[in-house]
Structures are given as structure tokens and as C-alpha cells.
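Both backbone and side-chain heavy atoms feed into the values below; hydrogens, waters and symmetry mates do not.
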Amino acid sequence: MKGSKKVRGERGVRKQPQYFYGYKQHVSFNAQAEIITSLCCSTGHDYDGHYLPRLVEADLALGLPVETYAADRGYDDSENHVFLAENGLHSAIRLNSYRTRKKDLNKRVWLEKEVSEPYQAGLKERYKIERKFGEGKRYHGMGRCRYLGLVRYAIQSILTAIVLNLKRLVKLLTGVSFRGRAKVVV
């Protein structure tokens, strides 16, 4: 709960609670290079599914060689599956159980998607983005929003993504990892 505000009603003035749900990052990630390719931020109560087309369009504008998009259940929306298909991309968005466990004939499409090779391959790559989120949370302060306001949170998210990408680029170019203690040569 964020606090409360005074509200005038029929029975006089009373306090009404105000709720604050935080912020979210929506990230597009190249699983092969393990680099964040695009990012947008939203408030915590926004629906995740609306942000997938924006991320895909940003990746397509960059000309990235992408075939499959994987995401968690929050992005499972029929419009997202159709959008990916229209752009010639495979969907590996984790399906909600209401799609595969319903009792009508329309579930056959979703069951076929669940056993398809691109879907299974995409799900196997999802751990890489979760690992990157964990690194951002554990080592770079993404476990807590430092500043209030969506714009300030977006700045924190973008700077953290830059740091994560720079660390990955150093690893790719030199083979030097930032994990563990530095060795002192005497």
C-alpha cells in the first residue's frame, strides 16, 4: 500500500487506501549472444501482452536474425501469437493452462503448438534471460527501484541493461569473466 488519501462521501470524510504495484521491465534478448536487444518499462498493473509487439518491431527494425520468440505466460495472448505468425516468426510463448485443458475442439491448435519443435526449442532457451534478470537483481540493484517514477525507473533499467551488455561483450571479446575474485599477480 502506497498510503491513503482523504475522500469526501455521504458519511463525511474517510481515508481511502492507494495501492502501488511497482514497475516492470519488458526485455527482448538474443539467446545466442546473450545480449539484451530492446527494452521498455511499464507500471506494475499494466498487461504484459501489450508490450511484445513493441519489442518485436524494435528487433525487426534493427534487422536482427530472429526466428523464435519465447516468453512467459504473462504474454500469452492470441493477438501476440497471430502477430508473430504474420511476421514469419515462431511463437514459444508459454501457454496458459486454460488453452490446453479446455473441453472444446479449439484446443487442438494449442496442443499441436505445444509439441512443435520451435516451441520446445524456444522454451529450452528461456533460462538464459532468467539468468540475466537474476544477475541484474543480484549484482546491479534491480531488486529495488532506486527512484520513484516510471521515467526514472526506465533510466535505471536502461543503464543496468547497458552494464549487463558491456560485461557480456567483454566476455565475448576477451574471454575474461567478471565473476569471482580478481587474481593478484605479485
For Val176, what residues pass the side-chain contact (heavy atoms from CB on, under 4.5 Å) criterion, not counting sequence neighbours? Thr174
One pair to check against side-chain hydrogen bond (donor to acceptor under 3.5 Å, both in side chains): Thr37 and Asn30. What are the steps and the verdict? CA-CA 7 Å; Thr37 57; Asn30 183 326; over 6 Å; no
Between [X] and [Y], does any side-chain N to carboxylate O distance fall below 4.0 Å?
| X | Y | value |
| --- | --- | --- |
| Glu125 | Lys128 | yes |
| Arg131 | Glu34 | yes |
| Asp76 | Arg94 | no |

Treat each ILVMFWY residue as a node, draw an edge where side-chain heavy atoms are under 4.5 Å apart, and state whether [X] and [Y] are in one component.
| X | Y | result |
| --- | --- | --- |
| Val56 | Tyr75 | yes |
| Phe29 | Ile158 | yes |
| Tyr139 | Leu169 | no |
| Leu123 | Val109 | no |
| Ile162 | Val27 | yes |

For the NZ atom on Lys124, are there more than 12 heavy atoms of other groups (residues, nucleotides or ligands in this structure) within a distance under 6.0 Å? no
More than 12 foreign heavy atoms under 6.0 Å from CD of Glu79: is that the case here? no
Examine distances only and state if a side-chain atom of Arg14 and a backbone atom of Arg8 form a donor-acceptor pair shorter than 3.5 Å. no
Listed once per pair and sorted, the side chain to side chain donor-acceptor pair (under 3.5 Å) pairs that draw on residues 144-163, sequence neighbours left out: Gln25-Ser157
Given side chains that start at C-beta, do those of Glu135 and His140 come closer than 4.5 Å, heavy atoms only? yes
Residue list, ring pair (Phe, Tyr, Trp, His ring centres under 6.0 Å) with Tyr47, at least two apart or on another chain: His50
